Chemist: 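Following this message is one structure expressed as structure tokens.
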Amino acid sequence: MSTTVSFPVPSPRGPQNVTVSYARVGRGEPLLLLHGIGHHRQAWDPVVDILATERDVIAVDLPGFGASPGLPDGLAYDLPTTSAVFGAFCEALELDRPHVAGNSLGGLLALDLGREKLVRSVTALSPAGFWSEAERRYAFGVLVTMRRIARRIPLPLVERLARTAAGRTALTSTIYARPGRRSPDAVVAETLALAHATGFDATLRTGADVRFTDDIPGIPVTVAWGTRDLLLVRRQGVRAKQIIPRARLVRLPGCGHCPMNDDPALVARVILDGSR
């Protein structure tokens with residue numbers, strides 16, 4: 001079950017109310033889960049039940065994605081604003097420096113929350129921000145194409161494609177190494193989430209100049225990369241390790257860009273180990 005919380009966030013025009021949708025389950029130390037651009041919190045469904053045996057898991061829809069409404073006028077879809085949003089979100093839920101795990105854009109946000117000392121550990125799965133300019137242009141081009149297809153393809157055709165492994169491969173093989181394992185309902189839902197993401201264009205625009213170039217001393221950091229990531233190639237993980245030398249760099253064999261569905265047991269173990 002999802003719920004929502006609203007809270008004020010500072011802006012040049014004064015405090016603005018932001019609303020975030022999230023689902024919470026489990027017990028233990030708090031663990032915040034952040035998804036990638038165009039996705040929604042259900043991207044974490046394959047690992048939530050495993051994580052919830054040892055953590056108080058809070059999976060969120062980023063503002064302008066999933067069930068969370070877009071940011072109000074005066075708030076930008078940039079890294080400082082989004083980190084401020086999640087700092088305020090944690091205050092609203094009385095989360096005292098939770099652990100955080102993120103994928104893609106969510107991995108970049110998780111690292112930024114670590115840099116701002118708002119969390120107690122970071123696990124970043126194929127995080128954005130460690131690309132060369134050519135790699136960034138390629139990834140953004142793929143994302144724009146995926147978005148265009150999701151917006152143009154009729155829902156009955158999406159539902160028909162999702163019923164077969166070949167159809168699920170056609171729709172999601174860019175982000176999953178094993179798309180046939182994704183359930184038909186999940187593929188339909190995430191195709192709709194990509195098509196309807198009000199924050200997509202603004203987030204992509206602000207991401208064009210983003211590079212993560214700072215070390216994160218003082219807290220545990222894990223960076224994990226799928227060996228079959230077709231969107232953000234795994235050599236970017238080596239760059240991340242050079243920038244954050246104390247980070248644990250983990251290889252995820254046979255996993256794609258969104259590894260949670262490709263190997264839930266492995267990804268859950270990496271997150272749990274990284275959030276001790």
Side-chain angles (χ1 to χ4, degrees), residues 1-24 30-44 56-122 124 127-129 136 140 143-144 147 193-214 216 218-219:
M1 280 292 288
S2 65
T3 187
T4 60
V5 61
S6 297
F7 45 86
V9 175
S11 85
R13 303 181 186 181
Q16 300 276 336
N17 253 16
V18 172
T19 299
V20 169
S21 176
Y22 68 96
R24 190 171 187 174
L31 169 64
L32 194 61
L33 300 180
L34 306 176
H35 63 77
I37 187 170
H39 228 150
H40 55 176
R41 62 174 176 78
Q42 288 86 348
W44 296 99
D56 172 15
V57 180
I58 305 102
V60 304
D61 283 320
L62 302 182
F65 298 94
S68 290
L71 292 171
D73 290 344
L75 289 178
Y77 287 87
D78 58 15
L79 214 48
T81 301
T82 309
S83 288
V85 165
F86 281 105
F89 173 84
C90 290
E91 282 187 27
L93 267 61
E94 298 183 344
L95 302 175
D96 180 23
R97 294 183 70 236
H99 302 284
V100 62
N103 173 223
S104 195
L105 168 63
L108 172 63
L109 296 175
L111 290 166
D112 196 55
L113 290 170
R115 178 167 58 184
E116 297 299 322
K117 300 296 187 283
L118 295 173
V119 294
R120 66 182 79 177
S121 76
V122 174
R136 184 201 64 77
F140 280 29
L143 289 166
V144 167
R147 161 92 155 169
L194 176 57
H196 298 150
T198 58
F200 182 92
D201 294 337
T203 300
L204 210 61
R205 280 196 301 272
T206 61
D209 299 323
V210 169
R211 301 287 188 281
F212 197 91
T213 57
D214 295 330
I216 305 178
I219 65 169

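Computed from heavy atoms alone, side chains included, the values below leave out hydrogens, waters and symmetry copies. None of these values were measured; they are calculated from a predicted model.
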Chemist: Are the side chain of Arg120 and the backbone N or O of Asp96 linked by a donor-acceptor pair below 3.5 Å?
Modeler: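 Flag set: sc Arg120 to bb Asp96 pair under 3.5 Å.
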Chemist: To the closest 0.5 Å, what do you measure between CG (Leu143) and CG (Leu194)?
Modeler: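 The CG atom of Leu143 sits 8.0 Å away from the CG atom of Leu194.
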Chemist: Might you point out which heavy atoms bring Leu62 and His35 nearest each other, and give the distance in Å?
Modeler: N-NE2, 3.0 Å
Chemist: A side-chain contact here means heavy atoms from C-beta on lying under 4.5 Å apart; do Leu79 and Leu108 qualify?
Modeler: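 In contact.
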Chemist: Does some side-chain heavy atom of Thr19 sit less than 4.5 Å from a side-chain heavy atom of Val5?
Modeler: no
Chemist: Take Val57 and Leu33 through the side-chain contact (heavy atoms from CB on, under 4.5 Å) test and state the conclusion after the steps.
Modeler: CA-CA 7 Å; Val57 180; Leu33 300 180; 3.5 Å; yes
Chemist: Indicate yes or no: at least one non-hydrogen side-chain atom of Phe7 is less than 4.5 angstrom from one of Val18.
Modeler: yes
Chemist: How close do Arg147 and Ala197 get, heavy atom to heavy atom, and via which atoms?
Modeler: NH1-O, 3.1 Å
Chemist: Please enumerate all residues that pass side-chain hydrogen bond (donor to acceptor under 3.5 Å, both in side chains) together with Ser104, with sequence neighbours excluded.
Modeler: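 His257.
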Chemist: Is it true that a side-chain atom of Arg97 and a backbone atom of Val119 form a donor plus acceptor pair closer than 3.5 Å?
Modeler: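 Judged by distance alone, yes, a pair lies under 3.5 Å.
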Chemist: Under the rule for side-chain hydrogen bond (donor to acceptor under 3.5 Å, both in side chains), what residues qualify as partners of Ser21, not counting sequence neighbours?
Modeler: none
Chemist: Measuring from atom CG of Leu113 to atom OG of Ser83, what distance do you get when rounded to the nearest 0.5 angstrom?
Modeler: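 With rounding to 0.5 Å, CG (Leu113) is 4.5 Å from OG (Ser83).
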Chemist: Provide the full list of salt bridge (charged side-chain N to carboxylate O under 4.0 Å, His left out) pairs with a residue in residues 110-119, sequence neighbours left out, each pair given once.
Modeler: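 Matches after skipping sequence neighbours: Asp112-Arg115, Arg115-Asp214.
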Chemist: Quick one: which residue pairs count as a side chain to side chain donor-acceptor pair (under 3.5 Å) with a foot in residues 194-209, not counting sequence neighbours?
Modeler: none
Chemist: Name all residues meeting the side-chain hydrogen bond (donor to acceptor under 3.5 Å, both in side chains) criterion together with Gln16; count only those two or more places apart in sequence or in a different chain, and write none if there are none.
Modeler: none
Chemist: Side chains of residues 69-78: which donor-acceptor pairs under 3.5 Å do they make with residues two or more places apart or in other chains?
Modeler:
| from | atom 1 | to | atom 2 | distance (Å) |
| --- | --- | --- | --- | --- |
| Tyr77 | OH | Leu71 | N | 2.9 |
| Asp78 | OD1 | Thr81 | N | 3.0 |
| Asp78 | OD1 | Thr81 | OG1 | 2.6 |

Chemist: Would you say the side chain of Pro63 lies within less than 4.5 Å of the side chain of Phe86, judging by non-hydrogen atoms?
Modeler: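 Counting from C-beta outward, Phe86 and Pro63 do come under 4.5 Å.
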Chemist: Any idea which heavy atoms bring Trp44 and Leu34 closest together, and the distance?
Modeler: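 Closest heavy-atom pair between Trp44 and Leu34: CZ2-O, 3.2 Å.
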Chemist: Which value, rounded to the nearest 0.5 Å, describes the distance between Ser2 atom OG and His40 atom NE2?
Modeler: 11.5 Å
Chemist: Identify the heavy atoms of Arg41 and Val60 that sit nearest to each other, and give their distance.
Modeler: CB-O, 3.3 Å
Chemist: Locate the shortest heavy-atom distance separating Gly102 from Ala110; write the atom from each residue and the value.
Modeler: N-CB, 4.1 Å
Chemist: Mind listing the closest non-hydrogen atom pair of Leu32 and Cys90 along with its distance?
Modeler: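 Shortest heavy-atom contact: CD2-SG, 4.3 Å.
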Chemist: Quick one: is the NZ or CZ of Arg24 closer than 6.0 Å to the six-membered ring centre of Tyr22, and within 45° of its axis?
Modeler: no
Chemist: Is the shortest heavy-atom distance from the side chain of Ile58 to the side chain of Pro30 under 4.5 Å?
Modeler: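 The answer is yes, as the side chains (C-beta and beyond) meet within the 4.5 Å cut-off.
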